[in-house]
Every structure is written in structure tokens, then in C-alpha cells.
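Please read these numbers as outputs of a predicted model, since none were measured by experiment. Each residue takes its place number in the sequence, starting with 1.
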Amino acid sequence: PMDNESTSHDGPQEQTIPMVSHTSATTINDDIECTSDQVSFDYKHVHDIMRLNSFQAKLYSSDGHPSIKVSGMYLLPAMMNHSCLRNASRVFVGEAMVFYAARDIRINEEITVEYCDGLLPLMMREALLGSRFQCQCPRCEVERSVAPYLQEYSELFVALYAEAYEELRDMLTTGVRTSFSASERLANAYEGVRKKTTTFNHLTKLQKQWILAGFSSAFLANWFRKGHSTGFAQPSQFVTPVALELLDAMMVSVPGVEHTLTFAMMLSLVAQREDFQLSSQLFDKAKDECVATYGKQRDDVITALAMRAAQ
């Protein structure tokens, strides 16, 4: 489903949906004759194709069992091209996958998705996409132009990302983690990126936001760790200009991401203790992110989804 309210269509237009015919293995064998010594098979290439064109999701059960990760190949969605500024988000409904407009889409604009997490630095996105694939979206071109100035922070992010994840997982599952050196070092790296970005006078505000969004996990790891350990007891230490700046960067760079929705809702709930007006503004942002993630729904449904994200 695409949001046409912002386009200049004169009215609803019927679109012809291409039919996909499933070809049986027997048909393939009838059309193509080959022997084993005639075929050169590049397993890694096939693996890369499957990895980049399959779609992953978490399936939740209604009986309280932990979620499970699944991966599937969907023929028509696999035709969509990648962009680190993708304009479509997706959700799974059972085994079906539904796409929504993550932002306003212009007439004749290509529908794009992301083949890797867009809220990662350029260095990590390129590693995930692999050597056979180089994204040339405007965001990647901008980030490549300043990559030498951010290399130190990018390498630190790549080195500490998994360790910081383990720190948070241990804290949440066992509650006995005492050292958070990776999370703290990533927080310092984010501050370094933020300061360095302010010196890029040739970049627009939006282009600087693309960079900050890529390093968002470097900030969020320590932010969440401190909040969890203190119960967000002092809201002014968490609802800060830096946190609000990052939320805006994440929403404008890659709209329709569940953990951005969670971040917005947590900021709203924490702010509610001291500043109801700011909390209300943040809740409106959370609902906007919810629409970008799950599509247009009834207001009560959007509110329920936003509240679930905070949990």
C-alpha cells in the first residue's frame, strides 16, 4: 500500500499486477540439458544472492513463547532495489509480507528497500552488503566523501558493536553485568562523530543527520544501559538535546524502524515526569514513526502499537 495523499494523481488509478508463474523442476529439466561436468557453480555467489534478496523477520507466538527468527525468499519483493535511504518498510503478517510507504513517495519514484540495517555506519553497511555490491545512493556518496575523517570512529564502532550488544544482553538476562566498557567507549565515539560532523560546513543539515543516524547505536547502547540501571530516575539526564537531535536524525534518515519507535516512546514516557508538553510532542513523533513502520491504522491501533514498542 502506498500513500498517495501527497502526490498529484488526479484520482485512483488501477495498476496491473504482474502474475508470477511457478515453474516446476520438471519443466526446468525439460528446457535445459546439462551434465555435471558442464556446470560451473559458484556457491559463494549464490549464497550472496540469497542473503541479499531474502527477507528476515521475527515471529511471535500468542502463548508467550520466545520469538523465532525466520528467513524467506519472496519473488516480487526480491525484485526491489536497495537504498540506504529506502522509502518502503515491511511487516510480516503470518507468512505474508506487507509493504508500506515509509515516507511520502513521488509519482514514478522507484520503491526501494534496504538489504542491511540502514542505521549503521557506512563501513559496516558496506561489509554487510559484500564486495560484489556497492550502494550508490546519495547518502552513501556523502558518507564516502567524509569517510577518511570518520575512519577512527567507524573502526571503533565495528570493533565494539558486538561486545556492547553482549553487555546489554547480559544486563537484561542476568542482571549481574558489572563492566560496560564497550558501551561507554561507543558513547565517546558517538560524541566524537557528532563534534566532527559539525565541522563539515559543506554538508546540509540533512546530510549530517544521515551520518549521525548511522552511528545511532553508539549513543543508544550507553543511553539505555544507564536508563535501565537507574530506572530513568532523572529525566533531564536522558531527554537531552543530543538525544532529541539523534531521534530526528534516525526518523528522517531511515523512517519506519521498530527500535526508532521504541526510542521515541521511551523518551516520551521519561519526559512525562517533568515536561508534559514535550512528552506529548514526542508521543506525536512516535505515532508518526509507527505509521511509517506499520502503515496507516486507526488511531487507537497506532496508540496501542506505540505503547507496545515502549514495553
ask   = Hey, are the side chains of L305 and T293 touching, using non-hydrogen atoms and a 4.5 Å cut-off?
value = no
K285 meets the salt bridge (Lys or Arg N to Asp or Glu O under 4.0 Å) criterion, sequence neighbours left out, with D248
Residue pairs passing the salt bridge (Lys or Arg N to Asp or Glu O under 4.0 Å) test with at least one member in residues 119-131, sequence neighbours excluded, are R125-E143, E126-R144
Between S279 and S268 the two heavy atoms that sit nearest each other are OG-O, 2.7 Å
Across all chains, not counting sequence neighbours, the salt bridge (Lys or Arg N to Asp or Glu O under 4.0 Å) partners of E152 are none
One should read off an interatomic distance between L269 CG and M265 CE, to the nearest 0.5 angstrom, of 4.5 Å
Using a 4.5 Å side-chain heavy-atom cut-off and chaining through intermediate ILVMFWY residues, the residues clustered with I302 come out as V291
Sequence neighbours excluded, the answer for side chain to side chain contact (heavy atoms under 4.5 Å, CB included) partners of Q237 is Q234
*asked:* I'd like to check Y190 versus N222 (side-chain heavy atoms, cut-off strictly below 4.5 Å). Are they in contact?
replied: no
For E155, the salt bridge (Lys or Arg N to Asp or Glu O under 4.0 Å) test, sequence neighbours excluded, returns none
- Query: Within the distance-only criterion (no hydrogens, no angle test), does the side chain of N81 pair as donor or acceptor with the backbone N or O of T112 below 3.5 angstrom?
  - Reply: no
### Task
Measure from the side-chain N and O atoms of T199 to the backbone N and O of K195, and report whether any donor-acceptor pair falls under 3.5 Å.
no
CG (L247) and CG (L267) are apart, to the nearest 0.5 Å, by 6.0 Å
*Do V301 and Y294 have side-chain heavy atoms sitting under 4.5 Å apart?*
no
Hey, does Q134 have a side-chain heavy atom less than 4.5 Å from the side chain of L129? no
Quick test of your reading of the model: are R185 and E163 salt-bridged, counting only N-O distances below 4.0 Å? no
Q) Side chains of S83 and R139: closer than 4.5 Å at any heavy-atom pair? A) no
Heavy atoms of H259 and L220 approach each other most closely as CD2-CD1, 4.5 Å
Contacts of E110 meeting salt bridge (Lys or Arg N to Asp or Glu O under 4.0 Å) (sequence neighbours excluded), chain-then-number -> none
**Prompt:** Backbone N or O of R225 within a donor-acceptor pair of the S229 side chain at under 3.5 Å?
**Reply:** yes
Parallel, tilted or perpendicular for F224 and H228, by the 30°/60° rule?
tilted
Check your understanding: Are the side chains of R194 and E245 in touch, meaning some heavy atoms are under 4.5 Å apart?
Key -> yes
Sorted by chain and number, sequence neighbours left out, side chain to side chain contact (heavy atoms under 4.5 Å, CB included) with D288 holds for M251
CG of L212 to CE of M250, rounded to nearest 0.5 Å, is 11.0 Å
The complete set of salt bridge (Lys or Arg N to Asp or Glu O under 4.0 Å) pairs with one or both residues in residues 265-279, sequence neighbours excluded, reads none
So ring-ring contact (aromatic ring centres under 6.0 Å, His included) across residues 263-284, not counting sequence neighbours, yields W223-F263
Separation between CE (M171) and OG (S183), nearest 0.5 Å, reads 8.0 Å
Problem set entry | Non-hydrogen side-chain atoms of P138 and W210 separated by less than 4.5 Å | yes
Contacts satisfying ring-ring contact (aromatic ring centres under 6.0 Å, His included) that involve residues 107-146 (not counting sequence neighbours) are H82-Y115, H82-F133, Y115-F133
Open item on the list: If we ignore hydrogens and angles and just use 3.5 Å, is the side chain of E167 paired with the main-chain N or O of A182 as donor and acceptor?
Closed with: yes
Check: V254 and E114 side chains under 4.5 Å, non-hydrogen atoms:
yes
Applied to residues 203-217, the salt bridge (Lys or Arg N to Asp or Glu O under 4.0 Å) test, sequence neighbours excluded, yields none
